[in-house]
Amino acid sequence: MEGLNRKRGKSVKEDMKEKIALIEAALYVAGRPLDLKTLGRIIGSRSKRKTLELARMLMEEYKRRGSSLEILELEDQRFVLQLKSDYASKVRRLAVRPLLTNGPLRTLAYIAYRQPVSQKQVIAARGTHAYKHVKQLIEMDLVEVEKRGRNKILRTTEYFADYFGLSHNPAVMKRQIIRILNRMAEAKKSGK
Amino acid sequence: MEGLNRKRGKSVKEDMKEKIALIEAALYVAGRPLDLKTLGRIIGSRSKRKTLELARMLMEEYKRRGSSLEILELEDQRFVLQLKSDYASKVRRLAVRPLLTNGPLRTLAYIAYRQPVSQKQVIAARGTHAYKHVKQLIEMDLVEVEKRGRNKILRTTEYFADYFGLSHNPAVMKRQIIRILNRMAEAKKSGK
Amino acid sequence: MRREESEKPFYLHPPWNILFDPRMLERINPWKINIAFILLSFLEEMERRAIVDFRASGIALDSSATVYLLKSKLLLKLEEPPSPPPREPKPDYIPPPLILPLRYELTTTTIQNLLQALEDALKTENLLKVKVKPQNDILLTPQEVVPQVSIYMIEMEELMKNLLRRIQALVERGEIITFSKLTRGLKRLERIRDFIVLLFLAHRKKISLWQREGSDEIYITLGEDALNGGFE
């Protein structure tokens with residue numbers, strides 16, 4: 001009887017470990033935030049509470065390890081696996097997908113900061129080369145455009161929000177992004 | 001004195017941990033096998049022996065963790081971080097984005113099949129829009145270019161072979177491609 | 001020159017000259033002119049030199065009044081409600097570049113996708129038949145471009161035979177044979193090849209080539225050899 005119990009106990013623990021590994025596999029492959037429903041489907045569980053618990057255990061494990069990777073829980077209980085930003089500059093050039101260079105990233109930051117913002121204002125602030133940046137950002141689904149008469153209004157997309165783990169609520173998202181940008185600007189100032 | 005030693009000991013250990021994390025970051029971002037030279041450059045070490053040692057330590061750590069990810073050492077002392085094959089089938093469907101869109105993929109296939117092939121011939125066969133494709137393929141490290149006088153000779157890279165699980169030997173790779181192609185043609189014939 | 005300058009009345013030198021040059025007065029910000037100092041020193045200088053010039057004093061007075069007038073106009077302006085601060089010149093804040101987090105993402109492209117793309121690429125290239133013997137089209141090395149001489153001649157014999165047959169067929173229909181007619185519908189490279197073959201045929205006296213003056217057209221007639229029994 002005792003032996004059986006021990007055996008059963010072990011198998012529960014292993015089952016849990018297995019499910020945590022599956023969540024890790026899912027996050028690794030997806031490269032984007034996944035919600036509890038999707039993760040639950042992968043581990044064959046309908047209980048959101050259970051899935052959440054396991055995902056959080058994986059997140060804690062990553063924290064303990066001191067890995068260069070991190071798992072984040074976004075505000076709507078979605079999880080994402082990504083490289084810690086401290087490491088980005090050192091390994092960026094190894095990434096295969098053509099990444100955005102500084103110019104388009106600045107234009108993106110400007111749009112995120114001022115959104116909703118007219119394309120005209122973006123060009124005025126960033127110069128005519130920003131036309132190309134805007135096109136590129138739209139192609140990458142980071143920015144979307146809305147036509148209002150003869151004006152083009154630009155804002156960031158939900159995909160963009162996911163990328164940064166931000167809220168889908170535009171007002172909240174804008175506050176979050178302004179906070180991030182201010183932090184980055186300060187880090188830059190104090191860093192030099 | 002003892003305190004100093006302990007302090008120094010700790011900092012050496014931390015430095016090592018930091019370098020191991022950097023190797024992990026590099027392998028994660030690259031998503032393909034990296035050689036010791038590349039890894040050495042990332043951790044700022046010219047000693048291949050040292051880099052090898054650290055990469056192997058990382059590999060061991062992954063083994064211990066029982067993660068769904070594994071680090072493999074390939075024959076030629078290249079290292080790769082990848083999903084364990086047991087997990088691949090269960091989470092593959094979460095992958096949604098193709099490596100390339102149709103146009104560039106066709107140009108890549110054509111180069112792989114005809115390589116080594118002059119850029120001129122690629123353009124003649126694929127149209128002038130293929131200039132853009134070739135540029136993208138080079139940026140993504142799928143194709144490399146060699147200048148011979150005024151000609152540009154294109155061939156696929158080792159990363160290309162790794163991505164599609166093909167041999168690094170061009171002649172073998174070509175035979176593999178033709179074999180798979182014939183198999184596909186037969187399957188099509190018998191299937192209809 | 002120096003003498004001339006020294007002969008100029010003192011008040012035409014700085015700092016007093018400002019009162020005697022209306023154009024200068026227009027250009028200078030009135031607030032920068034210390035009239036009390038200028039007038040006082042002007043009077044002192046006149047006293048010192050013991051020359052009293054009423055005309056100059058009048059002008060100085062007039063100019064000082066103008067400066068006062070300008071100053072009061074500016075003061076009056078300030079009494080009006082202050083205008084809003086200029087909006088434009090303040091440069092727009094440009095935040096630092098937004099660095100995207102790095103995430104690996106498994107892509108969906110498989111070797112089957114690649115090969116399907118290859119089939120499509122070859123179809124559009126219209127070279128699908130090459131599929132069987134791809135090595136023919138691999139980057140041409142010099143050896144492949146210029147076959148060894150013997151192979152080259154065997155091929156040439158074959159080409160000559162074929163072309164001569166085409167010419168004979170046209171002759172039998174009683175047509176005048178021209179190079180453009182012979183090569184109608186052919187690609188440029190094929191036409192060049194046919195032209196070279198024609199030269200070989202002419203060299204062997206199978207055909208004759210001639211041109212009319214002022215025309216680019218090449219006329220072809222069968223040579224005696226060809227009429228008497230073809231190529232063999």
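The sequence lines fix the lettering, A, B, ..., with proteins before strands; numbering per chain opens at 1.
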- Compute the centroid of each ring, for Y93(C) and then for Y113(A), and state whether the two points are separated by less than 6.0 Å. yes
- Go through the atoms of L142(A) and report whether side chain, backbone, both or neither lie under 4.5 Å from a heavy atom of chain C. side chain
- Note on the structure: If you tally heavy-atom pairs under 4.5 Å between each of R114(A), K84(A), Q121(A), R32(A) and chain C, the highest tally belongs to R114(A)
- Message: Looking at K181(C), I want to see if its NZ is surrounded by more than 12 non-hydrogen atoms of other residues, nucleotides or ligands under 6.0 Å.
- Response: yes
- Message: Please classify the contact of I177(A) with chain C as side chain, backbone, both or neither, using a heavy-atom distance under 4.5 Å.
- Response: side chain
- Query: Between A30(A) and chain C, which part of the residue has a heavy atom less than 4.5 Å away: side chain, backbone, both or neither?
  - Reply: backbone
- Query: Has Y131(A) got more than 12 heavy atoms of other residues, nucleotides or ligands less than 6.0 Å from its OH?
  - Reply: no
- Query: Once you round to the nearest 0.5 Å, how far does CG of L102(C) lie from CZ of R92(A)?
  - Reply: 5.0 Å
- Given a strict heavy-atom distance threshold of 4.5 Å, which part of A112(A) is in contact with chain C: side chain, backbone, both, or neither? side chain
- Item | Part of L181(A) within contact of chain C (heavy atom distance under 4.5 Å) | both
- Query: Shortest non-hydrogen contact from A109(A) to P96(C)?
  - Reply: CB-O, 3.1 Å
- Note on the structure: When the 4.5 angstrom heavy-atom criterion is applied to Y87(A) and chain C, the contacting part is neither
- Any side-chain heavy atom of L83(A) within less than 4.5 Å of one from R103(C)? no
